[in-house]
Amino acid sequence: MSDLQNNAVATLTRWAAPSPAQEALRQDYLAHLAAHPEDGVWRRGRPAHITASAVIVDPAGERTLLVLHGRINLWVQPGGHCEAGDTSLDAAAAREAREETGLPDLVVHPEPLLLNRHGAPCGAQTHLDVQYLATAPADAVPLVSVESHAVRWFSVTELPEGLASGVAESVAAARLAALARS
């Protein structure tokens with residue numbers, strides 16, 4: 001088992017899920033990792049693998065930063081596959097968010113915010129996404145990466161058309177978490 005897989009197990013074991021539905025996902029993710037000790041966190045894992053993402057809000061929790069995904073053409077939070085250099089799931093989420101937004105000053109909080117199981121556009125059936133709260137400076141100006149069509153700030157109360165499944169719920173949870181931290 002890799003260090004990252006061990007980190008994923010430890011992170012999900014200690015995380016207190018905020019609802020019965022999230023607890024069921026937490027248990028499913030842990031079962032997946034136990035059943036796939038060699039590839040549970042890697043892109044090659046089939047039929048599913050762990051991914052990491054960052055739900056980015058400004059410090060006031062009033063705006064969220066979303067990317068228009070290049071393959072599925074839907075607005076999503078930045079995130080993606082774990083890579084060999086990632087030491088933890090929150091580090092993977094931070095790397096992906098920085099790559100996809102061009103923002104170096106993101107603060108990714110170390111405990112998961114939510115879990116989201118969704119279809120995978122990479123050839124696997126399912127992504128088992130571990131989402132983290134991230135904050136960006138209020139004046140942060142994002143850059144579009146080669147993986148996206150656009151990256152843009154939106155009011156958390158006026159999200160765009162064409163959201164991927166679960167994004168609105170993730171943004172609402174990030175807003176509440178940001179407000180609780182302020």
Ignoring hydrogens and geometry, is there a side-chain-to-backbone donor-acceptor pair from [X] to [Y] under 3.5 Å?
{"X": "E147", "Y": "G70", "result": "no"}
{"X": "S148", "Y": "V144", "result": "no"}
{"X": "R95", "Y": "D86", "result": "no"}
{"X": "H109", "Y": "E111", "result": "no"}

Paired with I50, the side chain to side chain contact (heavy atoms under 4.5 Å, CB included) test is passed by just one of V41, D129, L4, namely V41

Criterion side chain to side chain contact (heavy atoms under 4.5 Å, CB included) against L12, the qualifying member of L128, L25, L33 | L33

Distance-minimising heavy-atom pair for [X] and [Y]:
{"X": "R46", "Y": "D39", "answer": "N-OD2, 4.4 Å"}
{"X": "A60", "Y": "L179", "answer": "O-CD2, 3.3 Å"}
{"X": "Y132", "Y": "P110", "answer": "CE2-O, 3.4 Å"}
{"X": "A97", "Y": "L106", "answer": "CB-CD1, 3.5 Å"}
{"X": "W75", "Y": "L66", "answer": "CZ3-O, 3.5 Å"}
{"X": "Q131", "Y": "S53", "answer": "CG-OG, 3.2 Å"}

Which distance, rounded to the nearest 0.5 Å, do you find between the [atom1] of [X] and the [atom2] of [Y]?
{"X": "L143", "Y": "T101", "atom1": "CG", "atom2": "OG1", "answer": "8.0 Å"}
{"X": "L115", "Y": "Q22", "atom1": "CG", "atom2": "CD", "answer": "5.0 Å"}
{"X": "E158", "Y": "T64", "atom1": "CD", "atom2": "OG1", "answer": "13.5 Å"}
{"X": "R175", "Y": "E62", "atom1": "CZ", "atom2": "CD", "answer": "7.0 Å"}
{"X": "D90", "Y": "L113", "atom1": "CG", "atom2": "CG", "answer": "13.0 Å"}
{"X": "S155", "Y": "D58", "atom1": "OG", "atom2": "CG", "answer": "9.5 Å"}

Just jot down the salt bridge (charged side-chain N to carboxylate O under 4.0 Å, His left out) partners of R181, sequence neighbours excluded, or say none.
-> none

Given E83 and E96, is the side-chain contact (heavy atoms from CB on, under 4.5 Å) satisfied, shown in steps?
-> CA-CA 10 Å; E83 295 181 2; E96 284 285 338; 4.3 Å; yes

ILVMFWY network linking [X] to [Y], side-chain heavy atoms under 4.5 angstrom:
{"X": "F154", "Y": "L68", "value": "yes"}
{"X": "V67", "Y": "I56", "value": "yes"}
{"X": "V167", "Y": "L159", "value": "yes"}
{"X": "V55", "Y": "W15", "value": "no"}

For [X], is the [atom1] atom crowded, meaning more than 12 foreign heavy atoms sit under 6.0 Å from it?
{"X": "Q125", "atom1": "CD", "value": "no"}
{"X": "R63", "atom1": "CZ", "value": "yes"}
{"X": "D3", "atom1": "CG", "value": "no"}

[Y] and [X], any side-chain heavy atoms less than 4.5 Å apart:
{"X": "P121", "Y": "H127", "result": "yes"}
{"X": "Y29", "Y": "V130", "result": "yes"}
{"X": "V151", "Y": "S145", "result": "no"}
{"X": "Q77", "Y": "V171", "result": "no"}
{"X": "P47", "Y": "T126", "result": "no"}

Would you check if there is a donor-acceptor pair between the side chains of N116 and H118 at a distance under 3.5 Å?
-> yes

Answer with yes or no whether the side chains of N7 and S88 bring together a donor and an acceptor at under 3.5 Å.
-> no

The single option from H36, H32, H81, R44 that satisfies side chain to side chain donor-acceptor pair (under 3.5 Å) with H49 is H81

